[in-house]
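Here the structure is a predicted model, which means the values were calculated and not measured.
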Amino acid sequence: MTGTPRTLAEELRTRTDRGLVGLLRARPDLLNPVPGDVTQLATRAGTRASVVRAVERLDRFVLQTAEALAVAPDPCPYDTLGALMAGDAGDPAVAAELPRAVAELRAQALVWGPDDRLRLVRTARELLTPSPAHPSPTGLGPTVAEAMAGMSPGRLQEIIAAAGLPTTHDPVTAVGALTTLFADRVRMAALLDTAPAESVAVLDKLLWGPPYGAVTDRPAPHLQWLLDRGLLIPAGARNVVLPREAALHLRGGRAHHAAEPVPPALAPATERDPQLVDNAAASQAFTALATVEELLKEWDLGGPAVLRAGGMSVRDLKRTATALDTTEQLAAFWLELAYAAGLIASDGEAGERFAATPAAEEWLQLPDHARWAELAAGWLAATRAPGIVGTADAKGRALAVLGPHLDRSPAPEVRRRALALLAALPPGTAVPATAVLARLRWERPLRGGAPATGQLPADGAGATAAPGPADDLRSRLAQWTLAEAELLGVTGRGALATHGRILIDSPSDSTAPTPAETTAAATRAAALLAPLLPEPVDHVLLQADLTAVAPGPLRRPLAEALGVLADIESKGGATVYRFTPGSVRRALDAGRSAAELQEFLAAHSRTPVPQPLAYLVDDVARKHGQLRIGAAAAYVRCDDDALLSEILADRRAATLRLRRLAPTVLAAQTSPDQLLDGLRAMGYAPAAESAAGDVLIARADSYRTPPRTAPAPVPDGPPSPDPTLLAAAVRAIRAGDLAATAERKPVQAPAPAPGGFPRTTSAETLATMQAAVLTNSALWIGYVNADGAASQRVIAPVRVEGGFVTAYDHTSDEVRTYPLHRITGVAELADDSV
């Protein structure tokens with residue numbers, strides 16, 4: 001195609017395959033479904049939903065360029081656009097970056113045309129052009145022609161006469177003369193030199209927007225001076241507006257108060273020793289593993305109930321925070337982290353509650369670095385945002401942790417981008433969170449609500465300033481990302497750790513790597529983290545005050561066994577365990593004998609077993625199981641009838657409603673579990689028994705949910721297409737465009753209607769097909785598939801037999817076989833069409 005393209009479709013046809021691939025990669029929503037030809041691609045690229053998505057992903061300077069084009073003449077020469085962006089004085093930084101901005105808008109099909117005729121696509125212009133209902137970030141108002149539409153011809157002549165212009169014979173030339181005056185820097189400056197100081201002050205207040213103000217029925221003299229010369233134009237019964245051309249003159253030609261061609265710097269930077277950063281991150285990573293492990297242990301016998309609307313109650317969240325010795329907000333993060341990794345879920349039973357999943361058992365058996373890799377991969381890809389727990393939804397209801405409304409689809413992209421900014425700094429370098437947020441806002445500008453219309457008092461005191469941008473979701477997600485990365489050990493002391501850099505490293509250019517790529521990166525990162533994690537120890541130090549000190553992280557079998565035999569009293573660099581009658585009884589309930597417990601303590605202590613601890617184990621074991629609890633509704637069995645008599649006489653047993661059935665048996669009108677808890681609360685040490693009379697062993701890991709998968713992230717729009725899909729889509733678009741635009745030879749009557757399919761008889765179709773096989777020529781056919789859908793195709797027949805034609809289909813770029821009876825007609829193509 002030669003000459004200047006007249007439409008976006010014509011320009012897209014001139015693009016190379018690489019150019020179309022770039023467009024489809026930047027705007028993947030255009031691929032669903034794959035456009036049939038270039039015209040369909042251009043039409044879809046101009047739809048409102050697609051343009052809105054594309055505009056929202058522009059950086060601040062590219063967006064400012066698009067906003068400037070929206071207030072520029074259409075079409076707009078490149079030099080005019082440069083003047084709007086840099087102003088009369090010029091700006092070298094703007095001049096250097098403007099070609100990039102225009103190229104980006106062209107690549108995304110938001111701008112088309114040569115440099116001397118740049119055109120913003122119609123939908124984008126409608127979105128970005130200033131209007132009273134939707135003010136532009138430029139702060140500019142309507143043009144003189146737009147603001148004066150509908151004004152009486154007599155009033156127009158009065159205005160141009162007051163402005164010092166000769167009268168005209170029609171409104172069009174009057175508006176044109178006033179527009180030319182406002183755009184003329186010399187004559188406009190001369191006009192403003194005659195303005196009262198109060199009038200200039202009013203213009204200064206409306207200069208950068210909003211351009212609208214209110215006046216009374218009898219404006220003050222300095223306001224009337226502006227109205228008489230068209231520097232303020234009525235915009236309703238009591239409103240006035242500063243026309244765009246006048247504002248641009250007052251601004252020195254600039255469309256924006258401050259163009260931002262360069263992103264804000266990540267500063268001030270604090271340099272730290274990379275090894276110290278890695279060690280700090282590793283320490284926090286180990287703490288994260290211990291916290292999640294403690295959460296799973298807390299829910300070993302089942303977690304809290306699931307609310308009817310989903311999620312955990314506030315009371316259960318507080319209880320979990322107390323158990324983890326942390327705040328409720330941090331407890332929500334740990335819960336959501338475990339949920340994202342598939343370690344906890346709801347059981348789906350009638351009385352639905354949360355619990356650990358079978359995957360949690362496998363996770364607990366992994367080495368520490370492998371466990372961290374699963375947590376990090378789950379966190380990086382999760383769309384759930386724990387930071388919004390406790391806030392209200394659109395209906396005013398509080399959002400619950402593990403509830404159904406915590407997904408925020410931009411979260412993975414924001415996490416990766418925030419960490420990528422830290423990765424761009426030298427190793428060990430930290431910057432304030434405000435610097436990261438400022439850069440992210442530049443890369444994805446805030447799209448806040450429309451500024452309020454300024455009120456211009458009758459005395460011209462000024463207009464109300466537009467409100468500042470609100471705290472948007474992306475900024476909050478970035479703040480949470482930096483805090484969560486520190487908790488998880490991805491960063492240390494505010495700087496990205498070495499293993500954190502590997503975590504966000506992806507072999508593809510996509511901002512959304514596949515789950516397999518994320519898992520592989522997490523595994524590589526964990527391999528770097530492994531040497532930094534503390535080595536587990538296999539011993540404790542027993543002390544005479546019934547405590548044991550673990551000088552480091554314990555090996556898993558020892559930690560699990562000691563966790564049953566003793567209660568954790570304090571955590572930190574060294575964990576302190578305390579032995580109590582209840583904890584010893586717990587170990588006995590788990591099937592350990594007194595001798596086994598004594599042997600276990602002696603084998604794993606670097607100090608002798610203290611006598612008080614040995615006595616405690618023997619005393620509890622002596623009483624343990626003396627009472628037996630079984631199911632009648634429930635019963636108590638004991639060989640010592642005096643002990644049963646003591647229980648019956650105890651007033652604390654009244655709630656158990658016990659009665660003696662035999663000298664050694666008591667019956668209770670309560671469940672065995674309640675009876676066990678009641679007698680233990682009274683100071684006894686009963687043991688549960690089975691129907692066969694054997695002691696039941698209580699396992700700590702007795703309850704798990706059915707198999708569950710981790711929650712699937714909620715995608716932020718269509719997924720990024722891979723190179724294979726992009727190449728196939730471009731081939732299909734090219735082939736469809738060939739079929740739609742190829743020149744056809746005239747056919748005998750009945751000829752196809754304009755835009756319709758060819759119509760020929762069966763005999764004519766067969767004869768034309770056989771001739772095309774002999775001459776190796778291409779044909780244009782109309783075809784109806786088995787579903788009744790009609791389409792037009794360009795084919796090169798290879799063989800005709802048995803009522804079928806085998807041909808190379810240029811539209812689908814493959815060899816296909818078509819039944820002749822489904823071909824509505826056929827026409828030859830011009831010789832140079834294929």
- Message: For R319 and V314: C-alpha separation, side-chain torsions, deciding distance, then whether side chain to side chain contact (heavy atoms under 4.5 Å, CB included) applies.
- Response: CA-CA 9 Å; R319 187 179 295 114; V314 174; over 6 Å; no
- Identify whether the distance between the nearest side-chain nitrogen and carboxylate oxygen of E413 and R444 falls below 4.0 Å.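 Yes, charged N to carboxylate O under 4.0 Å.
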- Taking 4.0 angstrom as the limit, do K297 and E294 come out as a salt bridge?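 Looking at K297 and E294, the cut-off is not met.
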Closer than 3.5 angstrom, by distance alone: can the side chain of [X] be matched with the main-chain N or O of [Y] as a donor-acceptor pair?
X	Y	value
R708	S346	yes
Q284	L487	yes
E298	E293	no
S283	N279	no
R555	H539	no
T429	P426	yes
E517	T514	yes
T391	I388	yes
D278	T498	yes
D347	R353	yes

Nearest 0.5 angstrom please: [X] [atom1] to [Y] [atom2], how far?
X	Y	atom1	atom2	result
L554	D538	CG	CG	9.0 Å
E486	T481	CD	OG1	13.0 Å
I502	L529	CD1	CG	12.0 Å
L20	R25	CG	CZ	12.0 Å
L366	W372	CG	CH2	14.5 Å
E484	E336	CD	CD	10.0 Å

- Please report the C-alpha distance between V549 and L542 in whole Å, then the side-chain angles of each, then the deciding distance to 0.1 Å, and finally whether the side chain to side chain contact (heavy atoms under 4.5 Å, CB included) criterion is met. CA-CA 7 Å; V549 177; L542 297 177; over 6 Å; no
- Task: For the pair L380 and L503, evaluate side chain to side chain contact (heavy atoms under 4.5 Å, CB included) and give the outcome as yes or no after the intermediate values.
- Result: CA-CA 9 Å; L380 199 58; L503 177 65; 4.0 Å; yes
Flag side-chain contact, heavy atom, 4.5 Å: [X] against [Y]:
X	Y	answer
F579	L601	yes
H369	P531	no
T607	Q543	no
W334	Y339	no
L343	L337	no
L375	R371	no
L473	V414	no
R524	D505	yes

Work out which heavy atom in [X] is nearest to a heavy atom in [Y]; give both atom names and the distance.
X	Y	answer
V277	A495	CG1-O, 3.6 Å
T65	A101	OG1-CB, 3.4 Å
L533	A282	CD2-O, 3.6 Å
A418	L440	CB-CD1, 4.3 Å
Y577	A550	CE1-CB, 4.1 Å
R586	A566	NH2-O, 3.2 Å

Distance-only check: which donor-acceptor pairs under 3.5 Å involve side-chain atoms of residues 260-274, not counting sequence neighbours?
residue: R272; atom: NH1; partner: R493; partner atom: O; Å: 2.7
residue: D273; atom: OD1; partner: Q275; partner atom: N; Å: 3.1

Looking only at side-chain N and O atoms, does [Y] offer a donor or acceptor that is under 3.5 Å from a partner on [X]?
X	Y	answer
S583	D567	no
E104	Q108	yes
R704	T357	no

- Message: Check whether F600 forms a cation-pi arrangement with R592 (NZ or CZ under 6.0 Å from the six-membered ring centre, at most 45° off the ring normal).
- Response: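 That pair qualifies as a cation-pi contact.
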- Message: With a 6.0 Å cut-off (strictly less than), is the heavy-atom count around CZ of R606, excluding the residue itself, greater than 12?
- Response: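 Not buried by this count: 12 neighbours or fewer within 6.0 Å.
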- Kindly write out the residues that satisfy salt bridge (charged side-chain N to carboxylate O under 4.0 Å, His left out) with E569, not counting sequence neighbours, or none if the list is empty.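 Residues passing salt bridge (charged side-chain N to carboxylate O under 4.0 Å, His left out) with E569: R578.
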- Task: Starting from the C-alpha separation in whole Å, work towards a yes-or-no answer on side-chain hydrogen bond (donor to acceptor under 3.5 Å, both in side chains) for R441 and S475.
- Result: CA-CA 7 Å; R441 289 192 187 103; S475 293; 3.2 Å; yes
- Decide side chain to side chain contact (heavy atoms under 4.5 Å, CB included) for T491 and L482; before the verdict, give the C-alpha distance in whole Å, the side-chain angles of both, and the deciding distance to 0.1 Å. CA-CA 8 Å; T491 60; L482 297 177; over 6 Å; no
- Dump the intermediate steps for salt bridge (Lys or Arg N to Asp or Glu O under 4.0 Å) on R100 and E97, then the final yes or no. CA-CA 5 Å; R100 177 192 71 84; E97 286 296 318; 2.8 Å; yes
